[in-house]
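All heavy atoms count here, side chains included; hydrogens, waters and symmetry mates do not. In what follows, chains are A, B, ... by sequence order, proteins preceding strands, each numbered from 1.
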Number of protein chains: 2
Amino acid sequence: MTETKARRRAGRPRGFDTDAVLDKAVRLFWQRGYEATSMADLVAETGVAAASLYAAFDNKAGLFAAVIERYAATFSVHLYAPINDPALSTYEAVEGLLERAASSFSEPGTPAGCFMYSAAAAVSPASAAIECLLRDKRIAAEALLIERLQRGAAQGELAANTDPAVLGKFINTVMEGMSVQARDGATINELLSIATMALDRWPAAI
Amino acid sequence: MTETKARRRAGRPRGFDTDAVLDKAVRLFWQRGYEATSMADLVAETGVAAASLYAAFDNKAGLFAAVIERYAATFSVHLYAPINDPALSTYEAVEGLLERAASSFSEPGTPAGCFMYSAAAAVSPASAAIECLLRDKRIAAEALLIERLQRGAAQGELAANTDPAVLGKFINTVMEGMSVQARDGATINELLSIATMALDRWPAAI
DNA sequence: CACGATATGGAACGATCGATAAATAATATC
DNA sequence: GATATTATTTATCGATCGTTCCATATCGTG
């Protein structure tokens with residue numbers, strides 16, 4: 001996250017706010033996916049001319065990469081906050097994660113489900129690199145969850161016979177499924193009841 | 001499923017096997033999704049000229065609709081067989097369903113995951129009808145699962161405080177998540193351990 | 001104020017998209 | 001075998017795809 005100040009030489013200043021443009025691009029890619037979102041769509045939605053978008057992000061793939069980071073910095077950070085909260089027990093952390101998934105995946109103001117899961121579910125071979133970008137994010141997020149569970153296991157918060165890697169994969173799988181459910185119109189209450197059932201029979205110690 | 005024999009009038013016979021063409025089209029749409037699969041791709045893969053495909057299926061959407069039915073008649077039927085097997089207990093039926101999901105989603109000879117979940121996860125507004133076709137299939141499959149659970153509940157196979165609708169949505173959510181996991185490279189053993197953990201939540205009577 | 005540097009708006013690029021027209025080939029029926 | 005009907009081949013359609021060129025606009029610096 002260290003960013004060299006990029007000492008400006010001169011020239012006309014950028015006429016649009018990068019983050020504001022990315023926010024609008026996030027919505028488009030989130031809703032329609034990578035392939036079904038055209039540069040013309042992005043120009044229409046953001047009000048920024050194509051040449052300016054290319055000057056700022058190189059190409060469509062570069063714009064999408066910036067969109068991924070923007071989504072991660074805004075939505076994902078909030079979703080995964082309980083995992084990084086040292087005040088929460090392991091169970092509370094996972095409970096908070098699933099509750100936030102239920103609410104954010106069904107949030108009326110944004111497209112349903114999770115951007116990371118649906119924005120590039122299936123793409124052409126030419127866009128394989130795009131699919132890989134999101135896959136890496138998904139795998140990294142899962143690894144973060146598993147690490148949290150491993151810390152909990154090390155502190156005796158899980159039953160001795162519990163494999164944190166399997167439990168983490170299970171929790172992550174439920175979240176991914178909840179995203180599909182939300183896309184298909186599941187309400188927040190339905191998602192919460194799914195989360196509750198996943199948390200049922202939590203392998204607590206003792 | 002009733003099909004009028006479509007009494008042929010005359011004319012040159014079709015030069016290709018419809019099901020064979022659909023099988024190849026299934027693979028393409030399964031792997032790349034609806035938007036990222038072009039008619040040129042389909043022509044190259046099937047060896048059938050574009051005009052012939054249009055004569056047989058009207059347009060790309062019509063071909064995709066036929067592909068959905070072909071997938072349902074081949075892969076989905078096998079996946080959901082345990083649900084319709086009267087010899088199995090409710091638990092065994094769900095267990096069989098998840099086991100088949102684990103193996104078929106990671107089957108080396110086919111694209112990873114489930115066609116129904118990933119072939120049109122996010123599409124353009126112009127293709128909204130396509131997305132709806134698959135969503136209806138997903139919802140119908142979930143309803144089928146819930147009906148099976150309701151029958152089990154009626155026969156006392158579930159704990160009295162269990163809501164079959166919630167349990168069915170949970171099982172279905174895990175399956176949808178398993179599809180994403182398979183897409184991201186999960187092995188059959190990893191998927192099976194996820195399924196096992198989901199079944200650990202099983203609300204048996206007594 | 002002049003100059004270099006960067007951003008913008010508008011027009012346009014070649015490629016590919018889904019889809020079709022027209023001519024020809026191959027069958028069933030009479 | 002003549003005719004009606006359907007399928008195939010080939011070429012091509014207008015629209016849209018991602019991308020770029022070019023002239024102009026607007027800044028920091030000398």
Item to check | Side-chain heavy atoms of B/Asp200 within contact of A/Arg201, under 4.5 Å | outcome: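 B/Asp200 vs A/Arg201: side chains apart.
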Under 4.0 angstrom, heavy atoms only, what part of the nucleic acid is [X] near: base, sugar-phosphate, or nothing?
{"X": "B/Ser127", "result": "nothing"}
{"X": "A/Ala56", "result": "nothing"}
{"X": "B/Phe16", "result": "sugar-phosphate"}

What is the distance from [atom1] of [X] to [atom2] of [N], rounded to the nearest Å?
{"X": "B/Arg32", "N": "C/dC17", "atom1": "CZ", "atom2": "P", "result": "10 Å"}
{"X": "A/Glu35", "N": "D/dC17", "atom1": "CD", "atom2": "P", "result": "13 Å"}
{"X": "A/Leu53", "N": "C/dT8", "atom1": "CG", "atom2": "P", "result": "9 Å"}
{"X": "B/Phe57", "N": "C/dA19", "atom1": "CZ", "atom2": "P", "result": "14 Å"}
{"X": "B/Tyr54", "N": "C/dA22", "atom1": "OH", "atom2": "C1'", "result": "18 Å"}
{"X": "B/Leu42", "N": "C/dG18", "atom1": "CG", "atom2": "P", "result": "8 Å"}
{"X": "A/Lys60", "N": "D/dT16", "atom1": "NZ", "atom2": "P", "result": "15 Å"}
{"X": "B/Leu28", "N": "C/dC17", "atom1": "CG", "atom2": "P", "result": "12 Å"}

By nearest atom, which of the nucleotides [options] is closest to the [X] side chain?
{"X": "A/Arg14", "options": "C/dA7, C/dG9, C/dG18", "answer": "C/dA7"}
{"X": "A/Ala51", "options": "C/dT27, D/dG18, D/dC21", "answer": "D/dC21"}
{"X": "B/Pro13", "options": "C/dC17, C/dT27, D/dT19", "answer": "C/dT27"}
{"X": "A/Asn59", "options": "C/dC17, D/dT8, D/dT19", "answer": "D/dT19"}
{"X": "A/Met39", "options": "D/dT19, D/dC17, D/dT8", "answer": "D/dT19"}
{"X": "A/Ser52", "options": "D/dT20, C/dG9, D/dT8", "answer": "C/dG9"}

Checklist entry - With distance as the sole criterion, is a donor-acceptor pair present between the side chains of B/Glu190 and B/Gln181 under 3.5 Å? => result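 Note: B/Glu190 and B/Gln181 side chains miss the donor-acceptor criterion.
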Item to check | Side chains of B/Arg151 and B/Thr90, donor plus acceptor under 3.5 Å | outcome: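 Distance-only check fails for B/Arg151 and B/Thr90.
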Next on the checklist: Taking the six-membered ring for Trp, are B/Phe115 and B/Phe75 closer than 6.0 Å centroid to centroid?
Outcome noted: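 Centroid distance B/Phe115-B/Phe75: not below 6.0 Å, so no.
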Next on the checklist: Looking at A/Glu176 and A/Lys169, is there a salt bridge between them, counting it only when a charged N and a carboxylate O are closer than 4.0 Å?
Outcome noted: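 Salt bridge flag = no for A/Glu176 with A/Lys169.
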Checklist entry - Below 3.5 Å, does any donor atom in the side chain of A/Arg12 face an acceptor in the base of D/dA25, or the other way round? => result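 Side chain to base: pair found, below 3.5 Å.
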